[in-house]
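All figures in this text were calculated on a predicted structure; none of them were measured in a lab. Proteins get letters first, then strands, A, B, ... in listed order; numbering begins at 1 in each.
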Number of protein chains: 2
Amino acid sequence: MARKLTFDYDQALDRATELFWRKGYAGTGIRDLLKEMEIGEGSFYHSLKSKRHLFLLCLARYDETVVAKRMRLMASAPDAGAGIRAFFTHMFDYLDDAKAPSKLCMIAATVEEEVLVDPELRQRAAKGLKDLEAQFASRLARDPQSPSARIEDGALAAILTTYVQGLWRMALVDYDRGRFEQQTEILLGSLGV
Amino acid sequence: MARKLTFDYDQALDRATELFWRKGYAGTGIRDLLKEMEIGEGSFYHSLKSKRHLFLLCLARYDETVVAKRMRLMASAPDAGAGIRAFFTHMFDYLDDAKAPSKLCMIAATVEEEVLVDPELRQRAAKGLKDLEAQFASRLARDPQSPSARIEDGALAAILTTYVQGLWRMALVDYDRGRFEQQTEILLGSLGV
DNA sequence: TCGCAATTGTAGCGAGCGCTACAGAATCGC
DNA sequence: GCGATTCTGTAGCGCTCGCTACAATTGCGA
């Protein structure tokens, strides 16, 4: 019963996600977003409400695309060992991709930043880590061969999650795929995965 | 040949370090620092040059105290296994300390933040991680018993460093000492440390 | 005691931040 | 067409940021 949106909402969200991913929450200003999304200040506050609201939408979008694909790869592998290795391979592929927005997982990045002051964003970031750990645990649990009978699935999932978070931080400083692959394989071997 | 500083330089540096540690680089404003250090704007820019310069001084101070102590604990243990466990214990003790400025390693925190845009700060943060890895490696290397003959010292040090970085991030979201101790012991056991 | 040099307090610059008020433009049912 | 409603562009608010210019103050050597 009134005027229609003159811009492509989905495309605008994609572009905003890319920008947040590349420059972080605090590092991305409203004016940067407007320029990238090619919309005006009025449209922004009318249909996206606020920077925080937009960021939450973008986190969801990141989850549905990048994270979901990684999880699907892990889940569809023949066994837990292969699934977990597929997870790391996808992660390293992404880190190798020169066109990627940044050497960083958007969820992991959100854990740090002053974002932690904001309870909603903090909770959202925490959920991302919990989800990852749960995915590891369930992948290990439903493995018919139960490859690492020595170590309880929960503990193993926690170790892997912690290690993955460390990898993101290390990659930010100095990424060397060969080294990362090698040390990861040694770790997985030691853990009996 | 002229006027003397009316404030305690060392004490001011300590207070600034505490504040940066607690709120991060970007999250700490000049006015916050001035209030905490109990000095004026003029004094600040005269004797501390800039926020960036002060931050580098504070990082050095943090290194000389907190990090140095952790390293000393690791180095002075009877063997590598005990040293590495002492390292983690000191880290967990710190995370348990309610009076500590934040659940965070100041060096690790500096790896993230938009700080990475600044080459000097980035390099400084990278050095912190390299140092940690080198300490792990040398501790493992000079162990008479060479406890983990299975795995090369360098790879082991890299895995531990990565894991420690992950721990810092996990602790930021949800810290549970019992869980962390347990999963860390399982990891060390698996690695033969 | 005087002059020089170092330290200090004040006031404000220029820029960016997220956000809002508001008027004009577009699109619907009628 | 008309009115109601929704979208858009502009202008600017109040605030904070890191930093600087500059004059006043202090303490030293001569």
Side-chain angles (χ1 to χ4, degrees), chain A residues 1-13 15-17 19-59 109-110 113-122 124, chain B residues 1-13 15-17 19-59 109-110 113-122 124:
Chain A
M1 44 169 104
R3 197 171 169 179
K4 281 191 287 191
L5 250 58
T6 60
F7 66 95
D8 184 330
Y9 184 87
D10 273 353
Q11 178 187 309
L13 225 63
R15 293 190 179 181
T17 304
L19 201 59
F20 274 133
W21 190 0
R22 182 146 50 89
K23 315 214 298 172
Y25 180 75
T28 306
I30 296 287
R31 270 75 176 191
D32 299 332
L33 288 165
L34 297 181
K35 195 180 285 182
E36 190 70 29
M37 299 165 93
E38 290 176 328
I39 64 173
E41 206 111 21
S43 306
F44 182 88
Y45 283 98
H46 176 77
S47 44
L48 279 330
K49 299 215 30 146
S50 70
K51 179 184 171 181
R52 239 178 92 265
H53 184 76
L54 170 61
F55 185 66
L56 286 167
L57 292 176
C58 290
L59 273 184
T110 307
E113 292 210 82
E114 75 254 35
V115 164
L116 288 173
V117 180
D118 185 322
E120 194 173 356
L121 294 183
R122 181 196 176 95
R124 182 63 193 73
Chain B
M1 42 169 104
R3 196 171 169 182
K4 281 194 288 191
L5 251 58
T6 60
F7 65 94
D8 185 330
Y9 184 87
D10 273 353
Q11 179 188 308
L13 225 62
R15 293 190 178 181
T17 304
L19 201 60
F20 274 133
W21 190 0
R22 182 145 51 88
K23 314 213 300 170
Y25 180 76
T28 306
I30 296 286
R31 269 76 175 192
D32 299 331
L33 287 165
L34 297 181
K35 195 180 285 181
E36 189 71 27
M37 298 165 94
E38 288 175 332
I39 64 174
E41 206 112 18
S43 305
F44 182 88
Y45 283 99
H46 176 78
S47 45
L48 279 330
K49 300 216 26 146
S50 70
K51 180 184 171 182
R52 240 178 93 263
H53 184 76
L54 170 61
F55 185 66
L56 286 167
L57 292 176
C58 291
L59 273 182
T110 307
E113 293 211 80
E114 75 253 33
V115 164
L116 289 173
V117 181
D118 186 322
E120 193 172 356
L121 294 183
R122 181 197 176 95
R124 181 63 192 74

Notebook entry, point to check: Rounded to the Å, how far apart are His46(A) NE2 and dG24(C) C1'?
Noted result: 15 Å

Give the table of side-chain donor-acceptor pairs shorter than 3.5 Å for residues 48-58 of chain A, with sequence neighbours excluded, one pair per line with atom names and distance.
| unit_1 | atom_1 | unit_2 | atom_2 | d |
| --- | --- | --- | --- | --- |
| Ser50(A) | OG | His53(A) | N | 3.1 |
| Lys51(A) | NZ | Tyr25(A) | O | 2.9 |
| Lys51(A) | NZ | Thr28(A) | O | 2.8 |
| Arg52(A) | NE | Asp118(A) | OD2 | 2.4 |
| Arg52(A) | NH2 | Glu120(A) | OE1 | 2.3 |

Next item on the list: Just jot down the side chain to side chain contact (heavy atoms under 4.5 Å, CB included) partners of Leu34(A), sequence neighbours excluded, or say none.
Entry: Ile30(A), Ile39(A), Glu41(A), Phe44(A)

Next item on the list: Treat primed atoms plus P, OP1 and OP2 as sugar-phosphate and everything else as base, then score nucleotides 11-21 of chain C 5' to 3': B for base contact with protein heavy atoms under 4.0 Å, S for sugar-phosphate contact only, - for none.
Entry: -B----SBBB-

Note to self: Restricting to side chain to side chain contact (heavy atoms under 4.5 Å, CB included), what partner residues turn up for Gln11(B), sequence neighbours left out?
What the structure shows: Asp8(B), Arg15(B)

Next item on the list: Could I get the full list of salt bridge (Lys or Arg N to Asp or Glu O under 4.0 Å) partners for Asp32(B), not counting sequence neighbours?
Entry: Lys23(B)

Note to self: Taking 4.0 Å as the cut-off, does a side-chain nitrogen or oxygen of Thr6(B) come that near to OP1 or OP2 on dT8(C)?
What the structure shows: yes

Checklist line | For atom CG of Leu34(B) and atom P of dT8(C), their distance in whole Å | finding: 12 Å

Notebook entry, point to check: Can you tell me how far P of dG29(C) sits from NZ of Lys4(A), to the nearest Å?
Noted result: 11 Å

Notebook entry, point to check: Mind checking whether Thr110(B) and Arg124(B) have side chains closer than 4.5 Å, heavy atoms only?
Noted result: no

Margin query: Once you apply a heavy-atom cut-off of 4.0 Å, does Ser47(A) come out as touching a base, just sugar-phosphate, or nothing?
Written below: nothing

Next item on the list: Check the distance between dC7(D)'s C1' and Arg3(A)'s CZ and give it to me in whole angstrom.
Entry: 5 Å

Check: Can you check the Phe7(A) CZ to dT6(D) P distance for me, whole Å?
Finding: 16 Å

Next item on the list: Check the distance between dT8(C)'s P and Met37(B)'s CE and give it to me in whole angstrom.
Entry: 11 Å

Check: Between Tyr9(B) and Ser47(B), which heavy-atom pair has the shortest distance, and what is it?
Finding: CE1-O, 4.3 Å

Item checked: Separation of dA25(C) C1' from Ile39(A) CD1 (nearest whole Å) -> 17 Å

Next item on the list: May I have the distance from Glu38(B) (atom CD) to dG9(C) (atom P), rounded to whole angstrom?
Entry: 12 Å

